[in-house]
There are 2 protein chains.
Amino acid sequence: METRRDVFQAIADPTRRAIILLLAVSAMTPNAIAEHFNSSRQAISKHIQVLTECEILKQEQKGREIHYHLNASKMNEIEKWLEQFKQLLAKRFDQLDDVLKQLKSDKK
Amino acid sequence: METRRDVFQAIADPTRRAIILLLAVSAMTPNAIAEHFNSSRQAISKHIQVLTECEILKQEQKGREIHYHLNASKMNEIEKWLEQFKQLLAKRFDQLDDVLKQLKSDKK
DNA sequence: TTTATTTGCTACCATATGGTTGCGAATATA
DNA sequence: TATATTCGCAACCATATGGTAGCAAATAAA
C-alpha cells in the first residue's frame, strides 16, 4: 500500500483543514500555527509535513524561522471533482425528467 | 482516538470517490459496484460500509439484493468548507489590494 | 561565549485502514 | 428440496495515522 499524498488526503483531517484555513489568511511559522491548537507542536508539525508532501504548503526559510505558505491552486482539484460529481448528478435528474415527461405523454 | 465518519473521510479514498460518482448516476447493488473495480467484493463492501456510516449511502432492501442510493445532500458540506476557504482567500487578496493601493498613494 | 528559541528528525505507541479469506444467513432458482 | 447467489460479519494481516517524548542543529539574544 503506497501512502496517498493528494488534496483529498490533506483535507481528511479536521486539524489539517483548520491549518489550511489559517494559512489562507496569512503565512505562518509552525509554532505560530501550533498556538492555535490544543495539540502539541510535534503533532502539528506532522500535519504540516503531510500538507507539504501534498504540495499544499510551501516553505520559506527566514533565518531560523520557516514560514509556511499556502499553495491555493492545489485546492482546485477538489472543486474539479465536485464539479464532475454535480454534473453526473444533474445528468441523472435530466434522465429522470425525461422519464417523467414520458409518463406524462403516456397519460394523454 | 475516535474514528471520524464525515464526508471528508469518505472522499479521502480514491475507490470511495469512484463509488460516489458511480452511484451519482444510479443506485446499485454491492456486486454491481464491485464489478467496476479490480478489488474484491469484500474490499468494496468495506468501502460501502464506511460510506454508509458517513451517511452518504442509504440502503434499500429488495429481496436478497440491497440497492445503495446516494445521499447527495451530504456533499454540500464539502462545498460549504470550500466556500469558506475561498472567502478567506479573497479577503487576503482584498487586504493585499489595500496594501498595493496604499503603496500607490504613498508614491504620489 | 553562553543561553534560549525554533525547528526537523527519530523512536515509539495505540489505533485505524485497506485488504484478505472463510462462514453463515437469507433469498431465489433448479 | 437441493443448489446457487447475494450479502454482511468476524478474524486476521501489513501498513498508515495521529499522537507522544527526546535529541540535535541552526540561529538569535544575553
Side-chain angles (χ1 to χ4, degrees), chain A residues 1-23 26-71 81, chain B residues 1-23 26-71 81:
Chain A
M1 217 192 312
E2 308 148 36
T3 313
R4 271 184 318 279
R5 288 299 183 226
D6 57 26
V7 214
F8 298 99
Q9 192 65 23
I11 65 163
D13 184 275
T15 305
R16 283 200 291 269
R17 282 200 299 281
I19 292 176
I20 290 173
L21 291 187
L22 259 184
L23 297 185
S26 68
M28 290 175 110
T29 65
N31 272 0
I33 297 170
E35 277 170 16
H36 288 82
F37 300 94
N38 293 325
S39 311
S40 70
R41 180 188 66 83
Q42 289 88 342
I44 297 297
S45 213
K46 274 205 171 187
H47 283 303
I48 292 176
Q49 200 180 328
V50 171
L51 288 171
T52 305
E53 286 169 12
C54 293
E55 297 185 314
I56 288 182
L57 299 193
K58 279 180 295 185
Q59 304 183 8
E60 190 192 355
Q61 192 93 33
K62 280 195 176 177
R64 72 181 162 186
E65 291 184 347
I66 295 179
H67 289 255
Y68 282 91
H69 292 256
L70 199 70
N71 177 17
W81 183 81
Chain B
M1 217 191 312
E2 309 148 37
T3 313
R4 272 185 317 278
R5 287 302 182 222
D6 57 27
V7 214
F8 297 99
Q9 192 65 21
I11 65 162
D13 184 274
T15 305
R16 284 201 290 271
R17 282 200 298 282
I19 293 176
I20 291 173
L21 291 187
L22 258 185
L23 297 186
S26 67
M28 289 174 112
T29 64
N31 272 357
I33 296 169
E35 277 171 15
H36 289 82
F37 300 94
N38 293 324
S39 311
S40 70
R41 180 188 65 81
Q42 287 87 345
I44 297 297
S45 213
K46 276 206 170 184
H47 284 302
I48 293 175
Q49 199 180 329
V50 171
L51 289 170
T52 305
E53 285 168 11
C54 294
E55 296 186 315
I56 288 181
L57 300 192
K58 279 181 294 185
Q59 304 184 5
E60 190 192 355
Q61 191 93 34
K62 281 196 176 177
R64 72 182 162 187
E65 291 185 348
I66 296 179
H67 290 254
Y68 282 92
H69 293 256
L70 199 71
N71 176 17
W81 183 80

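Within every chain, numbering begins at 1; the chains are lettered A, B, ... in the order of the sequence lines, protein sequences first and strands thereafter. For the numbers below, each heavy atom of this structure counts, side chains included, while hydrogens, waters and symmetry mates do not.
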Interatomic distance where [atom1] belongs to [X] and [atom2] belongs to [N] [whole Å]:
| X | N | atom1 | atom2 | answer |
| --- | --- | --- | --- | --- |
| B:Leu51 | C:dG18 | CG | C1' | 13 Å |
| B:Ile44 | D:dC9 | CD1 | P | 17 Å |
| B:Arg4 | D:dG19 | CZ | C1' | 12 Å |
| B:Lys62 | D:dG8 | NZ | P | 16 Å |

Identify every side-chain donor-acceptor pair in residues 57-67 of chain B under 3.5 Å, counting partners at least two apart or on other chains, and give the distances.
| from | atom 1 | to | atom 2 | distance (Å) |
| --- | --- | --- | --- | --- |
| B:Gln59 | NE2 | B:Tyr68 | OH | 3.3 |
| B:Glu60 | OE1 | B:His69 | NE2 | 2.4 |
| B:Gln61 | NE2 | B:Gly63 | O | 3.2 |

- Message: Does the protein touch nucleotides 5-11 of chain C at the base, only the backbone, or not at all? Give it as B, S and - per nucleotide, heavy atoms under 4.0 Å.
- Response: BSBB---
- Message: Please confirm whether the shortest side-chain N or O distance from A:Arg5 to OP1 or OP2 of D:dT17 is below 4.0 Å.
- Response: yes
- Query: Is the phosphate of C:dG19, meaning OP1 or OP2, less than 4.0 Å from a side-chain N or O of B:His47?
  - Reply: yes
- Task: Give the intermediate values and the outcome of side-chain contact (heavy atoms from CB on, under 4.5 Å) for residues B:Ile11 and A:Trp81.
- Result: CA-CA 10 Å; B:Ile11 65 162; A:Trp81 183 81; 3.9 Å; yes
- For DNA chain D, the residues among residues 9-16 of chain A that have a non-hydrogen atom under 4.0 Å from it: A:Gln9, A:Asp13, A:Arg16
- Note on the structure: Taken to the nearest 0.5 Å, the spacing of B:Thr15 OG1 from B:Ile20 CD1 works out to 11.0 Å
- Distance, nearest 0.5 Å, that separates CD1 of B:Ile19 from CG of B:Leu51: 5.5 Å
Compile the donor-acceptor pairs under 3.5 Å between side chains in residues 32-48 of chain A and protein atoms, sequence neighbours left out, one pair per line.
| from | atom 1 | to | atom 2 | distance (Å) |
| --- | --- | --- | --- | --- |
| A:His36 | ND1 | A:Ala32 | O | 2.9 |
| A:Ser40 | OG | A:Ala43 | N | 3.2 |
| A:His47 | ND1 | A:Arg16 | NH1 | 3.1 |

- Note on the structure: Result for 5'-nearest mapping on DNA chain D, choosing between A:Ala43 and A:Gly63, is A:Ala43
- Which residues satisfy the side chain to side chain donor-acceptor pair (under 3.5 Å) test with A:Asn71, sequence neighbours excluded? A:Ser73
- side chain to side chain contact (heavy atoms under 4.5 Å, CB included) involving A:Gln49 - partner list, sequence neighbours excluded: A:Glu53
